[in-house]
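Read through the structure below, which is laid out as structure tokens, and then see the notes.
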Amino acid sequence: MNTQFKKGVIEMCVLNLVASEDRYGYELIETISKSIEISEGTIYPILRRLSKEGYFETYLVESTSGPPRKYYKITKLGKEAALDLTKEWKSFAEKVNQILKSNNNR
């Protein structure tokens, strides 16, 4: 899959997953990698950028199995971005599917 395309899709997934509940980085990697092949090197830069853009706030939670975990909590701005990206994705996917469907009917 095209890397740039994949990064945009993963960003949308990260926003939506954190919108549903606060999460830490490795948890996001585990969840997303069940459906899309990703690496840690993909998620953490996205999390840093989205935090810098004001879409997430972070906080630390002590862990019994290692160092404290940094959790990401979505902000109002992040929720708006998640909704906008999801709406754009659905419209885009619908149009692509129409093209593919019409092309398969030939």
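The first residue in the sequence is number 1, and the count goes up from there.
Listed here is the closest heavy atom pair of I32 and I10: CD1-CG2, 4.4 Å.
Judged as a side-chain hydrogen bond (donor to acceptor under 3.5 Å, both in side chains), the pairs with a partner in residues 71-88 (not counting sequence neighbours) are, in order, N16-T86.
I74 and L77 fall within a single hydrophobic cluster, where Ile, Leu, Val, Met, Phe, Trp and Tyr side chains are chained together by heavy-atom contacts under 4.5 Å. Grouping the Ile, Leu, Val, Met, Phe, Trp and Tyr side chains by contacts below 4.5 angstrom, directly or via other members, places M12 with F92. Cluster membership check: I36 shares its hydrophobic cluster with V14, using side-chain heavy-atom separations under 4.5 Å among Ile, Leu, Val, Met, Phe, Trp and Tyr.
You'll find the side chain of K95 reaches within 4.5 Å of the side chain of S91, heavy atoms only. Looking at heavy atoms from C-beta onward, K70 lies out of side-chain contact with Y24 at the 4.5 angstrom threshold.
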Distance-only check: which donor-acceptor pairs under 3.5 Å involve side-chain atoms of residues 52-62, not counting sequence neighbours?
unit_1	atom_1	unit_2	atom_2	d
E53	OE2	R49	NH1	3.3
Y59	OH	D22	OD2	2.6

Using atom types as modelled, flag every donor-acceptor pair under 3.5 Å from a side chain in residues 40-47 to any protein atom, sequence neighbours excluded.
unit_1	atom_1	unit_2	atom_2	d
T42	OG1	S39	OG	3.4
Y44	OH	Y26	N	3.2

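With hydrogens and angles ignored, the 3.5 Å screen pairs a side-chain donor or acceptor of S20 with a backbone N or O of L17. With hydrogens and angles ignored, the 3.5 Å screen pairs no side-chain donor or acceptor of T31 with any backbone N or O of L28.
Going from atom NZ of K34 over to atom CD of E30 covers 7.0 Å, rounded to the nearest 0.5 Å. Considering CD of E11 and CG of L50, their distance stands at 5.0 Å, rounded to 0.5 Å.
Listed by chain and number, the residues in a side-chain hydrogen bond (donor to acceptor under 3.5 Å, both in side chains) with S63 are S65 (sequence neighbours excluded). By the salt bridge (Lys or Arg N to Asp or Glu O under 4.0 Å) test, E21 is found to be paired with R23, residues two or more places apart in sequence or in another chain being considered.
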